[in-house]
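Notes follow the structure.
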Amino acid sequence: MARYLVNVESVVLITSLALTLTSTLAVLFIEHIVQLELNATCLSNSSESTCYTVEDVQVIVSNWTTIFLVCQTFPALLITLYVSTLSDRIGRKITMILPTIGFIVAMINYSIVYVYVLPIEYLLVGNIAIGFSGSITLVRSGASSYISDTASKNNLTFRLSVLQGVAMLGIALGQLGFSLWIEYSSFLPSFLFMTVMLVLSVPYIMYFIEETVTENQTATSVGKVLTDMIQVVKNNTNDRRCRIISWLILRFMTSILINPFGVAMMLYFIGPPLLWSTTEIGYFTFSFIMSLTLGMLFITKPLQKYCNMSDYSLFYLGSLSAMSSSLIIAAGTTDAVVYLSVPMALLAVLPKAIVEAQLSKLVEKNERGAIFAQAGVLDNLGFLLGPIWIGVTYSATVETNPSLIFYIMFAGALINMLLVIFIQLKFGSIEETMDSSFKSEEEYIASEETHLLPTSSKVLLKDSIAGDHTTTTYTTNRTITYHQS
């Protein structure tokens, strides 16, 4: 795979920065626009009854933030499911180009609204563009598929953990960098900078990232793509169905615990017993995310190389990291104790990378887009539903036990670990199944080049290493049967 001179991690980093600016820090921008509108209303009408209180502003900002989140998330679920599956037939680049264009439209939209002081309703254009272009969910699904296409079996888990680390790095840098930039300058420079970075990403994807999928010359109708979505789970080749379903369940469970962690910290730290200020929360959040980033980028590989740890062992270690950090935050009553959770969280996001690696290893190359489409949708559902259960639980227990949400996260990580132990005991090592049942890269390329041959056509392939002869029957419905002689 040395021919791949560039990578997709940089695309994930840039789109993660854009998502941070249009989602997390957009609350500040929404508040700015709302405040301008309300001030204009008060100035145009001398009646004091038309002026709004701080509480009124907060309610309006909260409502619009929710509306924009829905505009970004719900369309992205369907777009990701379809386009990522389609990438198995037409190539991976579309999964990265389409969301990048959506973010470009959003950045331009935000800049215009800021410069011309337009009503907040105009921001719907940018948020709808993000949603109907797949948002960051489609980028990550496509990038995961691309890495699975190019990485070796031994290097796959590390490459996917790096991808998760880069995404976390984008969020951390966006939170700190854009916050300081906006505070000491204005919103416009941030929007313009992000627009330029996104625009430069498009030719990078088109001309410097080499495509890994040969475009299928057969019709790529909606029906065929929908069939691919279903077959990747329905197909029980090598008795994989139960495994795939189990790992997809784990994908959702890890996402619903990990994705809303920032919301949980915000709610808990701002209240008793810590009563942190916004600045104190910002510093801790940045430290925590950077810890996750360092763990994914620099710890996973040494554990594999020098400790010879399998994917299962890495999942257990990541779960223990998540459990210990949650427990320390829940039990901590002082700043010093809570900050102990930062180094303990080094590998807390690793289970998400392990789930992706296992799903990739269970399917063929021409199914990776479909499986990562479903994994991406489940991750997005975790992003949606996570803050809901966090908010409901915290509201119900804030007066009696505000740290309960972190004890629940501890229990959830423990349940996930027990489920993986069951999978390991039930099915054993996935590597053994891969070596005995899955096509090699050479066999896959041969099948791609001859998939249009008539059903009666047969090709005799010779293994130059072992000297074995394999008769391969190619059919027009992309089913390949092997007969060893």
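This structure is a prediction, so every number in the text was calculated from the model and none was measured.
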Test applied, side chain to side chain contact (heavy atoms under 4.5 Å, CB included); reference residue, Val12; option that passes from Val162, Asn7, Leu163: Leu163
Between Asp149 and Arg92, is there a salt bridge with N-O shorter than 4.0 Å? yes
What is the ring orientation for Phe29 with Tyr110, classed by angle as parallel under 30°, tilted 30 to 60°, or perpendicular over 60°? parallel
Over 12 foreign heavy atoms within 6.0 Å of CZ, Phe286: yes
CG/Leu28 to OG/Ser179 distance, rounded to the nearest 0.5 angstrom? 6.5 Å
Looking at Thr20, is its backbone amide N or carbonyl O close enough to the side chain of Ser23 to form a donor-acceptor pair, meaning the two atoms are under 3.5 Å apart? no
Heavy-atom pair with the smallest gap, counting every atom of Leu81 and Met229: O-CE, 3.4 Å
Polar contact flag, side-chain donor to acceptor under 3.5 angstrom, Lys305-Asn154: no
With side chain to side chain contact (heavy atoms under 4.5 Å, CB included) as the test, would you mind laying out the steps for Ile244 and Val363 before giving the verdict? CA-CA 9 Å; Ile244 287 179; Val363 300; 3.9 Å; yes
The test is side chain to side chain contact (heavy atoms under 4.5 Å, CB included); show your working for Thr95 and Val139 and say whether it passes. CA-CA 6 Å; Thr95 62; Val139 177; over 6 Å; no
Would a 4.5 Å heavy-atom cut-off, applied to side chains only, mark Arg368 and Tyr146 as touching? no
Heavy-atom pair of closest approach, residues Ala76 and Ser135: CB-CB, 4.0 Å
For Asn416, what residues pass the side-chain hydrogen bond (donor to acceptor under 3.5 Å, both in side chains) criterion, not counting sequence neighbours? none
For the side chain of Lys365 and the backbone of Thr212, is there at least one donor-acceptor N/O pair under 3.5 Å apart? yes
Heavy-atom distance under 4.5 Å between the side chains of Phe103 and Thr22, does that happen here? yes
Within this structure, what is the CD1-CZ distance for the pair Ile289 and Phe284, rounded to the nearest 0.5 Å? 10.0 Å
Between Ser277 (side chain) and Glu280 (backbone), is there a donor-acceptor pair under 3.5 Å? yes
Using every non-hydrogen atom in the two residues, find where Val233 and Gln374 come nearest and quote the distance to one decimal. CG2-OE1, 3.3 Å
Between the side chains of Ser360 and Ser148, is a donor N or O closer than 3.5 angstrom to an acceptor N or O? yes
Once rounded to the nearest 0.5 Å, what's the spacing between atom CG of Leu414 and atom OG of Ser319? 8.5 Å
Evaluate the side-chain proximity of Phe261 to Ile329: yes if any heavy-atom separation is below 4.5 Å, no if none is. yes
Leu180 and Tyr184: CA distance, side-chain angles, deciding distance, side chain to side chain contact (heavy atoms under 4.5 Å, CB included) verdict: CA-CA 6 Å; Leu180 294 174; Tyr184 291 104; 4.2 Å; yes
Would you compute the distance between atom CG of Asp88 and atom OG of Ser145 and round it to the nearest 0.5 angstrom? 6.5 Å
Whether Asp311 and Lys361 form a salt bridge (side-chain N of Lys/Arg under 4.0 Å from carboxylate O of Asp/Glu) is what I want to check. yes
Val420 versus Gln358: any side-chain heavy-atom pair under 4.5 Å? no
Does some side-chain heavy atom of Met409 sit less than 4.5 Å from a side-chain heavy atom of Ile390? yes
Residue pair Ser403 / Asn401, side-chain donor-acceptor N/O under 3.5 Å: yes
Out of curiosity, Asn127 CG to Gln72 CD, how far, rounded to the nearest 0.5 Å? 4.5 Å
Are Leu69 and Phe383 side-chain neighbours, meaning at least one heavy-atom pair lies under 4.5 Å? yes
Heavy atoms, side chains only, cut-off 4.5 Å: are Ile328 and Val338 in contact? no
Could you walk me through whether Leu350 and Phe315 pass side chain to side chain contact (heavy atoms under 4.5 Å, CB included), step by step? CA-CA 7 Å; Leu350 186 56; Phe315 189 97; over 6 Å; no
Give a yes or no answer on whether the side chain of Glu367 reaches the backbone of Glu364 with a donor-acceptor pair at less than 3.5 Å. yes
For residues Trp181 and Phe187, establish whether the separation of their ring centroids is below 6.0 Å. no
Step by step, work out the salt bridge (charged side-chain N to carboxylate O under 4.0 Å, His left out) result for Lys352 and Asp379. CA-CA 9 Å; Lys352 290 185 69 174; Asp379 189 49; 3.0 Å; yes
Flag the pair Phe406 / Tyr268 as yes when their ring centroid distance falls below 6.0 Å, and as no otherwise. yes
Using a strict 4.0 Å threshold on nitrogen-to-oxygen distance, state whether Lys93 and Glu210 make a salt bridge. no
Identify the heavy atoms of Met296 and Gly165 that sit nearest to each other, and give their distance. CB-CA, 3.6 Å
Do Gln175 and Thr285 pair up side chain to side chain, a donor and an acceptor below 3.5 Å, judged on atom types alone? no
Backbone N/O of Glu356 and side chain of Arg251: donor-acceptor pair under 3.5 Å: no
With distance as the sole test, does Arg159 use its side chain to make a donor-acceptor pair with the main-chain N or O of Ile147 at under 3.5 Å? no
Between OG1 on residue Thr333 and CG on residue Leu274, distance to nearest 0.5 Å: 7.5 Å
Exercise: do Gln424 and Tyr316 side chains pair donor with acceptor under 3.5 Å: yes
Spell out, as yes or no, whether a donor-acceptor pair under 3.5 Å connects the side chain of Asn259 to the backbone of Gly382. no
In terms of heavy-atom contacts, Ser291 and Ala345 come closest through OG-C, 4.0 Å
At their closest point, which heavy atom of Phe410 faces which heavy atom of Met323, and how far apart are they? CD1-O, 3.4 Å
Side-chain heavy atoms of Met194 within contact of Phe178, under 4.5 Å: yes
Quick check: does any side chain N or O of Ser141 sit under 3.5 Å from a backbone N or O of Leu138, one acting as donor and the other as acceptor? no
Distance-only polar pair, side chains of Tyr82 and Asp228, donor-acceptor under 3.5 Å: no
Closer than 3.5 angstrom, by distance alone: can the side chain of Ser186 be matched with the main-chain N or O of Ile182 as a donor-acceptor pair? no
Keeping the roles fixed (side chain from Trp389, backbone from Ile256), state whether a donor-acceptor pair exists under 3.5 Å. yes
